[in-house]
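As structure tokens, the structure follows; a few thoughts come after it.
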Amino acid sequence: MFVMTIDQRGSTGSQDLVPDLLVRIARLELPGAEQPVFERSVGDEVQGVVHGPSSVVEIALQALRSGRWYVGIGVGSVSLAPGASPREGTGTAFVAARKAVELAKAAGAQVPLSVVPGIMGKTGGGVTAGEGSQACAHAEAVLRLLGRLVQDRTEAQWRVVDALRRHGPCGQGPGRHGSQKQVAHELGISEQSVSRTVLRSGWQEEWAARPAAAMLLAWADSQIGGFVQDDGVPKGADASRDDRAPREPQALAEPARRADDPTENRNEGDR
């Protein structure tokens with residue numbers, strides 16, 4: 001199970017962005033039927049319990065997009081009554097998420113995201129906690145690479161890729177040639193401009209790497225966590241989850257080639 005703690009960067013003396021972030025998270029089209037509840041926890045910070053790793057990736061990238069948030073992801077156990085507020089939850093994932101957001105704040109010039117395992121001794125099945133820690137480190141590395149892609153996009157690039165996603169299959173993934181033509185017509189630009197923007201924005205690379213990040217989070221969860229119900233009894237993997245944890249990491253697919261890197265109008269955010 002995953003707990004996400006997301007804290008506003010440079011919030012002292014600036015506008016409270018929590019209401020806007022909560023609305024944006026609520027509007028996300030997440031995999032499966034999951035729609036996790038995020039709430040303000042304290043100050044300019046939000047927290048939520050997330051079941052599926054693909055949903056964690058989606059929410060993390062949404063927060064990183066503006067460059068105004070620190071993102072902490074805790075992987076571990078969760079004790080939370082059905083329908084209860086995330087603020088009422090307990091478990092190792094909550095402790096790990098708190099540590100993760102503090103580490104994100106200390107990331108300096110790096111992408112402000114951290115993934116921390118909630119580990120207490122060994123996990124079930126004779127698997128040592130070290131494997132879960134390693135999976136968290138790998139997931140953090142991939143998510144930071146994805147975060148750099150989304151933070152480096154210009155507003156003009158976001159207009160194109162947002163439109164591509166709206167016209168893509170079920171709102172997910174890179175748009176094909178047909179949808180690029182639709183986007184060009186919608187935005188009043190040429191298909192060539194859309195194609196160049198796709199290359200420069202790293203849009204295809206992002207969607208090629210998203211499954212890798214989700215796979216590593218799922219692998220970490222399978223080694224570390226699980227869900228503890230309100231009666232304290234560990235709950236096994238839920239077949240209704242949008243993602244099932246793989247038995248072992250698979251070889252990563254070769255990402256699509258990229259023509260060049262965007263360098264203009266980087267949104268650095270507040271340190």
Side-chain angles (χ1 to χ4, degrees), residues 1-6 25 28 30-38 47-63 71-80 82 84 86 89-101 103-104 113-147 209-230 232-252:
M1 187 66 72
F2 309 95
V3 173
M4 300 185 70
T5 299
I6 307 174
I25 292 175
L28 291 176
L30 299 176
E34 181 183 12
Q35 190 58 54
V37 175
F38 274 73
Q47 188 173 66
V49 177
V50 185
H51 291 254
S54 291
S55 297
V56 174
V57 174
E58 179 70 47
I59 294 166
L61 295 183
Q62 179 65 221
V71 178
I73 302 169
V75 186
S77 64
V78 171
S79 179
L80 184 66
T90 59
T92 61
F94 285 93
V95 177
R98 169 57 51 198
K99 181 178 179 181
V101 79
L103 288 173
L113 175 145
S114 186
V115 183
V116 170
I119 292 175
M120 296 180 65
K122 292 186 176 182
T123 58
V127 179
T128 63
E131 294 183 34
S133 296
Q134 186 178 53
C136 284
H138 293 333
E140 177 181 290
V142 176
L143 285 169
R144 283 186 172 183
L145 286 172
L146 289 171
R210 275 177 175 242
M215 178 193 69
L216 289 166
L217 287 170
W219 178 243
D221 186 35
S222 72
Q223 305 310 303
I224 298 167
F227 182 39
V228 180
Q229 296 174 323
D230 58 318
V233 179
K235 177 181 176 182
D238 185 349
S240 66
R241 282 174 49 175
D242 65 306
D243 302 274
R244 298 302 302 271
R247 294 184 62 84
E248 60 183 14
Q250 305 296 316
L252 303 184

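Note: hydrogens, waters and symmetry copies are ignored here, and every other heavy atom, side chains too, is used.
Residues that satisfy the side-chain contact (heavy atoms from CB on, under 4.5 Å) test with Leu28, not counting sequence neighbours, are Leu30, Glu58, Ile59, Gln62. With sequence neighbours excluded, no residue forms a side-chain contact (heavy atoms from CB on, under 4.5 Å) with Ala137. Listed by chain and residue number, Val116 satisfy the side-chain contact (heavy atoms from CB on, under 4.5 Å) test with Ala96 (two or more places apart in sequence, or in another chain).
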Pair Ile73, Leu143 - check side chain to side chain contact (heavy atoms under 4.5 Å, CB included), show working.
CA-CA 11 Å; Ile73 302 169; Leu143 285 169; 3.9 Å; yes
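Leu80 is listed as a side-chain neighbour of Val49, based on a closest heavy-atom distance under 4.5 Å. Within the 4.5 Å cutoff, no side-chain heavy atoms of Val78 are placed close to those of Thr92. Counting only heavy atoms from C-beta outward, the side chains of Phe2 and Pro53 approach each other to under 4.5 Å. The shortest distance between side-chain heavy atoms of Trp219 and Glu131 falls below 4.5 Å. In this structure, Ser54 and Leu217 have side chains that are not in contact, with every pair of non-hydrogen atoms separated by 4.5 Å or more. Looking only at side-chain heavy atoms (C-beta outward), Arg210 and Leu61 come within less than 4.5 Å of each other.
In this structure, Ala213 and Ala139 approach most closely via the heavy-atom pair O-CB, 4.4 Å. Across Val71 and Met4, no two heavy atoms sit closer than the pair CG1-CE, 4.1 Å. Taking each heavy atom of Val142 and Ala209 in turn, the nearest pair found is CG1-O, 4.1 Å. Residues Ala135 and Leu216 come closest through the heavy atom pair CB-O, 3.9 Å.
The CG atom of Leu113 sits 10.0 Å away from the CG atom of Leu146 when rounded to the nearest 0.5 Å. Going from atom OG of Ser133 over to atom CD of Gln223 covers 10.5 Å, rounded to the nearest 0.5 Å.
A donor-acceptor pair is defined here as one N or O able to donate and one able to accept, closer than 3.5 Å; no such pair exists between the side chain of Thr5 and the backbone of Val101.
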